[in-house]
Amino acid sequence: MDDFYVAAFKNNISAVTAIQTARAENLPVAVMPTPRSLTASCGLSLRFPATNAEEVSTLLRQRLPTEMYHIYRAERLPDGHFSYAELSI
């Protein structure tokens, strides 16, 4: 899975709420440290495949105020690093 999405959260409560909710819905999510290039975060992020981006985005909108998180599309660069582009929610 080279391309994926990352949801970065403003605080730990929002991150834990999102993680628990996504797992309760059986969505394929993983907890990961927030990438260093995404600085406005509590340090915990949710990683999910592009195929589930709409489901996870909808779930986050239903459970959290939109100012509590940002969603980014991660794309692997030729050098092996990742580029992150913020999506409008």
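Below, each value reflects all heavy atoms present in this structure, side chains not excepted, and no hydrogens, waters or symmetry copies.
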Notebook entry, point to check: Parallel, tilted or perpendicular for Tyr5 and Phe48, by the 30°/60° rule?
Noted result: parallel
Next item on the list: Taking the side chain as every heavy atom from C-beta outward, state whether Phe82 and Pro35 have any pair of such atoms under 4.5 Å apart.
Entry: no
Next item on the list: Check whether any side-chain heavy atom of His70 lies under 4.5 Å from a side-chain heavy atom of Leu38, and answer yes or no.
Entry: no
Next item on the list: Identify the heavy atoms of Tyr69 and Ser57 that sit nearest to each other, and give their distance.
Entry: OH-O, 4.4 Å
Check: Can you list the residues that meet the side chain to side chain contact (heavy atoms under 4.5 Å, CB included) rule with Gln20, with sequence neighbours excluded?
Finding: Val16
Item checked: Atom of Pro28, atom of Pro49 and distance for their closest heavy-atom approach -> O-CD, 3.1 Å
Notebook entry, point to check: Taking only residues two or more places apart in sequence, or in another chain, which ones meet Ile19 in a side chain to side chain contact (heavy atoms under 4.5 Å, CB included)?
Noted result: Arg23, Val31, Leu46
Checklist line | Value rounded to 0.5 Å, distance of OG in Ser41 from CZ in Phe9 | finding: 8.5 Å
Next item on the list: Report whether Val29 and Ile13 are members of the same hydrophobic cluster (ILVMFWY, side-chain heavy atoms less than 4.5 Å apart, transitive linking).
Entry: no
Item checked: Test side-chain hydrogen bond (donor to acceptor under 3.5 Å, both in side chains) applied to Ser14 - qualifying residues, sequence neighbours left out -> Asn11
Checklist line | Interatomic spacing from OH in Tyr72 to OG in Ser37 - rounded to 0.5 Å | finding: 8.5 Å
Note to self: Suppose we screen for side-chain hydrogen bond (donor to acceptor under 3.5 Å, both in side chains). Which residues come up paired with Glu55, at least two apart in sequence or across chains?
What the structure shows: Asn52
Check: Roughly how far apart are Thr51 OG1 and Phe4 CZ, rounded to 0.5 Å?
Finding: 13.5 Å
Item checked: Nearest-0.5 Å distance that lies between atom CZ in Arg61 and atom CD1 in Ile71 -> 7.5 Å
Item checked: Partners passing side chain to side chain contact (heavy atoms under 4.5 Å, CB included) against Asn26 (at least two apart in sequence or in another chain) -> none
Notebook entry, point to check: Taking only residues at least two apart or on different chains, which pairs with a member in residues 62-73 satisfy salt bridge (Lys or Arg N to Asp or Glu O under 4.0 Å)?
Noted result: Asp3-Arg73, Arg73-Glu75
